[in-house]
Protein chains: 2
Amino acid sequence: MTHDSRAEQPLDRTGPCARWPAEQGETIRQIVERAGDKWGVLVIGTLENGPVRYTDLQRSIPGISQRMLTHTLRQLRRDGLVTRTAYPEVPPRVEYALTGLGATLLDAVTALIDWAGTHHDEIVRNRARFDRDAAGS
Amino acid sequence: MTHDSRAEQPLDRTGPCARWPAEQGETIRQIVERAGDKWGVLVIGTLENGPVRYTDLQRSIPGISQRMLTHTLRQLRRDGLVTRTAYPEVPPRVEYALTGLGATLLDAVTALIDWAGTHHDEIVRNRARFDRDAAGS
DNA sequence: CTGCATCCGGAAGGATACTG
DNA sequence: CAGTATCCTTCCGGATGCAG
């Protein structure tokens, strides 16, 4: 709880914020933060084709640390987006897979990833130009 | 959302990233992070209906501090998602508006919002069950 | 009105070493 | 192989003050 939900504002729409009502705003922010978590999105995207092992996940997501991978998987399991299946074999094998709920989120997540991929170059150019202009001034 | 190119992939889970190019991985993480940023999402959503002044933005987004609003706006401008227009008036007036690029991101983000609104009850229940089970074991 | 600068506490996140 | 535990650095983000 970052801020208290004291007396509701008169909902003055000088700047329209109708999409997120005050009472749901916090919940929306929490879930979007979770769904939009930088590692969470990539993990979900990696699981789109079926179960993946822990080590394979780590290799498939460049730059993620074991700590963050474990932590992210725990959060995703907690939200019911991912299942964990451990096989009692001599070389331990654990597979993670999307739940039905996670699969529904996959659509929105892939849209986001594809958007990023589509506009990647444009954004990089925008950033370079912005930084150059800022430096000039 | 053209992510239908997965059906043809040989399902090689041993290699790095199936979906996003390795050289874009870092930027994609940054972009997803931006999209998942709680303040960025709220700012973009508030700009959905047209230009909004700085003070109106601050009032429309409950809980945001001046520092974070300025910082978020700067990041969004840097990525080319938002434009800033200053009117040289005696009482200074500055309006922020979505660019075309920002509008396309809004679509992807809205999908996330809608998903969150649809499944937030289920997620809350999942979390409660997960925490209970974890405490019991 | 708009926004940058600074300080500061706490959370996020990486590196490493170790266990079943 | 699949994690856990610890340390430590970075960064997020709020509060305050000041400037254009």
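Each chain gets a letter, A, B and so on, in the order the sequences are listed, and its residues count up from 1. Worth knowing before you read on, the calculation uses all heavy atoms, side chains too, and leaves out hydrogens, waters and symmetry mates.
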(request) Nearest whole angstrom, please: distance from the P of C:dC4 to the CD of B:Gln58. (result) 13 Å
(request) Specify the separation, in whole Å, of atom OH of B:Tyr87 and atom P of C:dG3. (result) 13 Å
(request) Could you pick out which residue, B:Arg53 or B:Thr70, lies toward the 5' side of DNA chain C when each is mapped onto its nearest nucleotide? (result) B:Arg53
(request) Nearest whole angstrom, please: distance from the P of D:dA2 to the CG of A:Asp56. (result) 7 Å
(request) Do nucleotides 7-20 of chain C as a string where each nucleotide becomes B, S or -: B if the base has a protein heavy atom under 4.0 Å, S if just the sugar-phosphate does, - if no protein is that close. (result) ------BBBBB--B
(message) Do A:Arg93 and A:Tyr87 form a cation-pi contact, if we require the NZ or CZ to be under 6.0 Å from the six-membered ring centre and within 45 degrees of the ring's axis?
(response) yes
(message) Between P on C:dC1 and OH on B:Tyr96, what's the gap in Å once rounded to a whole number?
(response) 14 Å
(message) Can you confirm whether B:Val94 sits close enough to B:Arg53 that some side-chain heavy atom of one is under 4.5 Å from a side-chain heavy atom of the other?
(response) no
(message) Contact between A:Leu57 and A:Leu47 at the side-chain level, heavy atoms closer than 4.5 Å - yes or no?
(response) yes
(request) Take atom CG of B:Leu69 and atom P of C:dC4, then tell me their distance rounded to the nearest Å. (result) 10 Å
(request) Ignoring backbone atoms, test whether A:Arg74 places a side-chain nitrogen or oxygen under 4.0 Å from the OP1 or OP2 oxygen of D:dG3. (result) no
(request) For residues B:Thr46 and B:Asp56, determine if any side-chain heavy atom of one lies less than 4.5 Å from a side-chain heavy atom of the other. (result) no
(request) Please examine the side chains of A:Arg78 and B:Asp131, heavy atoms only from C-beta on, and report whether any two atoms are closer than 4.5 Å. (result) yes
(request) Establish, from distance only, whether the side-chain atoms of B:Thr70 and B:Tyr54 form a donor-acceptor pair under 3.5 Å. (result) yes
(request) Rounded to the nearest angstrom, tell me the gap between atom OH in A:Tyr54 and atom P in D:dG3. (result) 6 Å
